[in-house]
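Contents: one structure, followed by commentary.
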Amino acid sequence: MTEVRTRFAPSPTGFQHMGGFRTAFFAWLLAKHHGGKFLLRIEDTDRERTVPGAIRFIIEELGWFGIQIDEGPSRAELRALGEDWDGAPDVGGPCGPYVQSHRLPRYKEVAEQLIATGFAYRCDCTPEMLERERLEQMARKESPGYSGYCRTRNVSADAKHIVRFKIPQRRSVTFHDAIRGRVHWETVPLRDTVLLKSDGFPTYHLAAMVDDHDMKITHVLRGIEWLSSAPIHLLLYEALGWEPPVFAHLPVVNGPDGKKLSKRTGAAKSSELREKGFLPEAVLNYVSLIGWAPGQGSDQEVFTRDELIAQFSLNGMNEASGVFDPVKLEWMNGLYIRKLELSDFIKRAEPFLKAANLELPAELFAAIAPHVQERVKMLTEIAPMVDFLAERPLERQMDAMFQKGMDAAKAREVLTRSIAALEVLEDFSVAGIDQVLRGVATELGLKAGPAFVVLRIAVTGKTVTPPLFESFAVLGKDRVLSRLRETLNLIPGSN
RNA sequence: GGCCCCAUCGUCUAGCGGUCUAGGACGCUGGCCUCUCACGCCGGAAACAUGGGUUCGAGUCCCAUUGGGGUCACCA
């Protein structure tokens, strides 16, 4: 059995959104499922649209997701593109180069072969001529497309020209898509398409087919927008006498608005997800669920990376387009956060605390960490939940203190008694604090809830915090007491 | 417009002719737990786009309609 080889072949024209990375995930999962190889190829054949930094973005995000590239651009190739950076991986591989702009001679060679065998021809029609032709066709309500004027003109190789593929008309094409099954065209609805541009660069059609063949790609996973041009690709393989790979056209992922994912769609950019505190493994898991399910009646939707690899199959792919639901992603991220080892959680939280300008002594954060771990969905939610531990003045939501029958006098009473009771408490532990504070509430004939709102705001400033006794214990007796005393002066009618 | 793809709860999906009075998950919602918020647990509302076939029997097969989407570049 031949080795399964898949590839992710983005063009570096900007950042990739999650739809693009999902394609990469599936290709990677398929390869790994079969113990095969996953390659990265850069399709930089459009010189106008290539944007600096795009390749770095792709490689770094793939790395963040923990996707190992088995074959791809070497460090030298990256450097030649001006895309070198500290820590850039040096991947390489036996089928390089993996950057299309470095493979120009090969495309030219194949184009010449196609011309020699009569499957392609040179064309020197100017853009102006083509434009006029198109206008005339539209005026006649014909579908626009190249007429084939140069098909038989034997344009000289010396003249400035492009190379077109001679698309046979009146040809039916049938192929089996790994996801959709049989797709059939009665007649090929396409005109002679360009293979080589006048600047010597190939178009996608030529470059991708040549590379997929040369790189021994066995399964091509790509967006469904390519389905319409699949006949060109099949015909090209036929003309070249090559065995085509298995094609799988993936359904698209739309934003919650039902429209295509774009820069505007929130949470569509992986780097943004990272900054918001999503875990790569959660994102990978969630995104894999858009358009794929294990099937076999299985209800499983939380998968480790290895489970995903073990269970992934193109048979489980759905034909219909899906929607990226940021709310469900958040839920899943919360799930993954809760599953983290405490030490891992603390480690991952660190950069987010720093970003929020909150530097806490390690032991202090470690002590409160278990209690915040089970109540955040994103790492960015940690800082606001623990910032009451910082050595800085507290801003208290005093208004929220006086609700449901709580008035200034009662609040003062709660504070005074708590201060008195805590002052003499030797064992400032969760259990000790628990006993004392409940005692205070009982003495005052108050329920725990209302009484604790006062204490919570007094010590943390907020109405929503980690559990009260735990927060007190972590903060420490002295700071708790001073905050309680401070609050006494803030209650209306004091003095 | 031609061609192609798609169609189960709001969303992601299970379902591959009978076991579907359609299952799960997110979200929503009622309750329990409870010091707030979460977590957890129990319950609820919520879908087979429409019309024809085929069949003893259709969410499942076929066709049409409708509705989405894609594509028809010297962009990928």
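Chain identifiers are assigned alphabetically (A, B, ...) following the order of the sequence lines, protein sequences preceding nucleic acid strands; residue numbering begins at 1 within each chain.
For the pair A/Lys276 and A/Phe278, the cation-pi test (distance below 6.0 Å, angle within 45°) is failed. Taking the ring axis of A/Phe388 as reference, the NZ or CZ atom of A/Lys462 does not stay both within 45° of it and closer than 6.0 Å to the ring centre.
Sequence order on RNA chain B of the closest nucleotides to A/Ser298 and A/Thr126 puts A/Ser298 first from the 5' end.
Proximity note for A/Ala320 (side chain, C-beta onward) versus B/A7, B/C5, B/A38: the nearest is B/A7. Distance from the side chain of A/Asn318 is smallest for B/U13 among the nucleotides B/C74, B/A38, B/U13. Comparing B/C74, B/C26, B/A25 by their nearest atom to the side chain of A/Glu301 picks out B/A25. Counting only heavy atoms from C-beta on, A/Glu43 has its side chain closest to B/A76 among B/A38, B/C26, B/A76. Checking B/A73, B/G70, B/A76 against the side-chain heavy atoms of A/Thr203 singles out B/A76 as nearest. Comparing B/G24, B/C74, B/C4 by their closest approach to the side chain of A/Leu130 singles out B/C74.
For A/Tyr286 and A/Phe324, the ring centers sit closer than 6.0 Å to each other.
Residue A/Val453 is classed as having no contact, given no heavy-atom separation below 4.0 Å to the nucleic acid. The residue A/Arg338 sits close only to the backbone: its heavy atoms come under 4.0 Å of sugar-phosphate atoms, none of a base. Heavy atoms of A/Glu319 sit under 4.0 angstrom from primed sugar atoms or phosphate atoms, though from no base atom.
Note: OH (A/Tyr286) to C1' (B/G27) measures 11 Å, nearest angstrom.
Base pairing of B/U50: its partner is B/A64, meeting the Watson-Crick or G-U wobble criterion (both donor-acceptor distances under 3.5 Å). Nucleotide B/A73 has no partner under the Watson-Crick or G-U criteria, as no pair reaches both atom distances under 3.5 Å.
For the P atoms, the distance linking B/U21 with B/A47 amounts to 15 Å, nearest Å. Comparing the C1' positions of B/C41 and B/C33 gives a spacing of 8 Å, expressed to the nearest Å.
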